[in-house]
Number of protein chains: 2
Amino acid sequence: MTEGPAHQSAESDTTRERLLESAERLFAERGYDATSVREITQAAHCNVASVNYHFGGKDNLYLQVFQRRLDALRRIRTGRLEQALEEAGDDADVELVLSTFTASFMEPLIDESEGRLIMELMAREMLDPHLPRHVLFETMIDPVRRSLASALRQVAPGLDQVSAELCVHSIVGQLVHVIHHARLRHGPDAPSWPAEELERMARHITRFSTAGVLAVAGGDGR
Amino acid sequence: MTEGPAHQSAESDTTRERLLESAERLFAERGYDATSVREITQAAHCNVASVNYHFGGKDNLYLQVFQRRLDALRRIRTGRLEQALEEAGDDADVELVLSTFTASFMEPLIDESEGRLIMELMAREMLDPHLPRHVLFETMIDPVRRSLASALRQVAPGLDQVSAELCVHSIVGQLVHVIHHARLRHGPDAPSWPAEELERMARHITRFSTAGVLAVAGGDGR
DNA sequence: GTGAGTATAAAACGAATGTTTTACTCCTGC
DNA sequence: GCAGGAGTAAAACATTCGTTTTATACTCAC
């Protein structure tokens with residue numbers, strides 16, 4: 001009576017999995033330092049010592065939270081681009097690349113909370129690193145940047161490597177800004193964000209950046 | 001001998017001012033939670049109790065660090081835009097607005113460390129708020145956004161209010177991304193960042209965004 | 001000179017942190 | 001039946017945190 005054994009969604013999972021889920025949510029909402037091991041274990045309905053038993057410490061639990069999601073997220077980002085370029089063949093253009101990338105970037109923010117949390121975690125980690133220096137870059141940021149730069153150069157032949165990287169910066173900067181903006185508008189603990197607003201942002205960023213890339217690729221006159 | 005009375009730059013200032021400077025630097029480097037009152041007072045060469053004596057607490061010290069800089073920074077951002085529009089008169093165009101705003105946004109990152117620190121602080125505060133909700137928005141973000149949106153609509157008459165705000169989002173997103181990118185490249189404790197690299201970024205963002213704004217303002221065909 | 005007020009310093013306080021120790025309950029293999 | 005490992009829980013651990021208290025110089029008005 002006093003202890004409901006299965007009245008919550010993920011109650012039947014392993015303690016280890018419950019810890020990962022609670023930690024992911026709390027780290028994303030409050031950051032590494034502001035989240036205590038006691039809060040995590042309380043949310044996971046288990047003892048304080050569980051974190052050290054299953055993960056060896058708070059820092060390694062934080063690392064495992066990232067490693068569980070990063071590979072899948074990187075494959076989505078890079079895979080969608082390659083797939084779209086392949087399907088379009090010779091019809092591929094800058095707008096296709098940008099709408100595809102923008103969509104793959106924003107999808108996790110809409111449909112499921114899983115992806116939104118790892119985006120929040122990455123944004124925090126960029127500003128306040130608590131992971132080994134290479135983790136985020138080697139398994140996520142650098143491959144995605146290279147993938148987008150390569151795709152842009154395929155559809156905009158006038159784009160040299162340096163300009164392509166600058167355009168990647170402009171596009172990613174706009175998209176990351178969406179995350180910050182959406183959190184400030186709807187709060188950090190909202191389960192998901194309104195799809196129509198995000199889609200309006202996606203259409204704008206695609207249009208804005210398509211013109212930007214073409215201008216940079218085509219020299220001053222076009 | 002053991003106590004150098006004036007061997008440091010700001011040694012002769014008041015304890016209150018030394019606290020503000022140490023706090024600004026440490027909060028910018030490590031964030032609010034990761035910076036302890038003891039670290040701040042040690043860096044300011046004074047006692048732990050000084051923070052509570054002069055500011056009433058860590059949270060109010062943090063607030064005062066912001067209030068000391070925000071007004072000046074807002075005036076730079078908005079003032080430069082009005083000044084440039086006034087001087088150019090009828091020759092004002094989108095590129096002028098964007099190069100002016102980009103320059104005013106990036107200048108604090110180059111010439112002096114004072115401005116760079118408040119930029120870092122604002123970036124952290126956006127992700128992990130520790131100020132009263134309204135401070136950052138009412139005295140900084142909203143006025144600057146309105147100023148840039150207004151300037152854009154003056155030089156791009158086809159731009160409606162909603163599209164102008166979306167363009168502001170795109171431009172600010174790129175510029176904020178520069179700060180994050182520069183810190184990751186050159187470390188959070190670098191006194192300033194290489195001017196030539198920032199100027200290259202500024203030129204790119206201006207060109208990229210000019211084309212973006214014109215495309216959004218001009219409808220699909222132009 | 002003296003007392004009120006200001007500024008600084010040293011020490012102590014209670015609370016919260018991550019981690020470790022210890023004990024208890026299962027379950028499994030034999 | 002029982003040794004032994006895995007999982008969990010309660011308690012204690014040492015540290016660190018922001019803050020408060022107490023005491024000590026210094027200044028200036030009277």
Side-chain angles (χ1 to χ4, degrees), chain A residues 1-8 10-27 29-66 124-125 128-132, chain B residues 2-6 8 10-27 29-66 124-125 128-132:
Chain A
M1 193 69 77
T2 57
E3 301 173 1
H7 69 294
Q8 228 178 4
E11 190 74 21
S12 59
D13 297 344
T14 317
T15 297
R16 190 191 147 92
E17 294 172 5
R18 264 181 294 137
L19 279 174
L20 279 171
E21 290 184 12
S22 299
E24 182 176 39
R25 180 171 54 83
L26 289 172
F27 281 142
E29 286 178 8
R30 315 180 190 183
Y32 182 84
D33 288 323
T35 303
S36 71
V37 174
R38 282 171 175 80
E39 288 173 318
I40 296 172
T41 53
Q42 187 174 345
H45 301 94
C46 63
N47 193 265
V48 215
S50 306
V51 166
N52 285 275
Y53 179 79
H54 285 285
F55 297 95
K58 182 186 180 184
D59 52 350
N60 189 254
L61 167 60
Y62 185 70
L63 173 61
Q64 296 306 319
V65 165
F66 276 84
R124 288 190 181 276
E125 179 63 21
D128 213 55
H130 291 277
L131 290 177
Chain B
T2 56
E3 301 173 2
Q8 227 176 5
E11 193 73 21
S12 60
D13 296 345
T14 319
T15 297
R16 192 191 143 92
E17 295 171 5
R18 264 180 294 136
L19 278 174
L20 280 172
E21 291 184 12
S22 299
E24 181 175 40
R25 181 171 54 82
L26 289 171
F27 281 143
E29 286 178 7
R30 314 179 191 182
Y32 182 84
D33 288 323
T35 303
S36 71
V37 174
R38 283 169 174 82
E39 286 173 319
I40 296 172
T41 53
Q42 187 174 346
H45 302 95
C46 65
N47 193 266
V48 213
S50 305
V51 166
N52 285 274
Y53 179 78
H54 286 283
F55 297 95
K58 182 187 179 184
D59 53 350
N60 190 255
L61 168 59
Y62 185 71
L63 173 62
Q64 296 305 321
V65 165
F66 275 86
R124 287 189 182 278
E125 179 64 19
D128 214 55
H130 293 276
L131 290 178

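The sequence lines fix the lettering, A, B, ..., with proteins before strands; numbering per chain opens at 1. Only a predicted model underlies this, so the values are computations on that prediction, with no experimental measurement involved.
Among all heavy-atom pairs drawn from B/Arg30 and B/Glu39, the shortest one is NH1-OE2, 2.5 Å.
Residue contacts for A/Thr41: at a heavy-atom cut-off of 4.0 Å it reaches no nucleic acid atom on any strand shown.
Mapping A/Ala49 and B/Tyr53 onto DNA chain C via the closest heavy atom, the residue that lands nearer the 5' end is B/Tyr53. The nearest heavy atom of DNA chain D to A/Ser50 and to A/Arg38 marks one nucleotide each, and the one closer to the 5' end goes with A/Ser50.
Counting heavy atoms of neighbouring residues, nucleotides and ligands inside a 6.0 Å radius, atom CD of A/Gln42 does not exceed 12 of them.
Protein chain A contacts DNA chain D over a range whose 5' and 3' limits, counting nucleotides with an atom under 4.0 angstrom from a non-hydrogen atom, are D/dA6 to D/dA12.
For the pair B/Arg18 CZ and C/dA9 C1', the interatomic distance rounds to 13 Å; values are reported in whole Å. One atom, CZ of A/Phe55, and another, P of C/dG18, lie 15 Å apart when rounded to the nearest Å. Across the protein-nucleic acid pair, B/Asn52 atom CG and C/dG14 atom C1' stand 15 Å apart, rounded to whole Å. The interatomic distance linking A/Leu61 (CG) with C/dT17 (P) rounds to 15 Å, in whole Å. Rounding to whole angstrom units, NE2 of residue B/His54 and C1' of C/dT8 are separated by 8 Å.
The side-chain heavy atoms of A/Lys58 and A/Tyr32, taken from C-beta on, include a pair separated by under 4.5 Å.
Of the side-chain N and O atoms in A/Ser36, none sit less than 4.0 angstrom from OP1 or OP2 of C/dA16.
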Tell me, with the steps shown, if B/Leu61 and B/Val37 meet side-chain contact (heavy atoms from CB on, under 4.5 Å). CA-CA 10 Å; B/Leu61 168 59; B/Val37 174; over 6 Å; no
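Using cut-offs of 30° and 60° for the angle between ring planes, the B/Phe27 and B/Tyr62 rings count as perpendicular.
A distance-only check finds a donor-acceptor pair linking the side chain of B/Ser50 to the backbone of B/Asn47 [under 3.5 Å].
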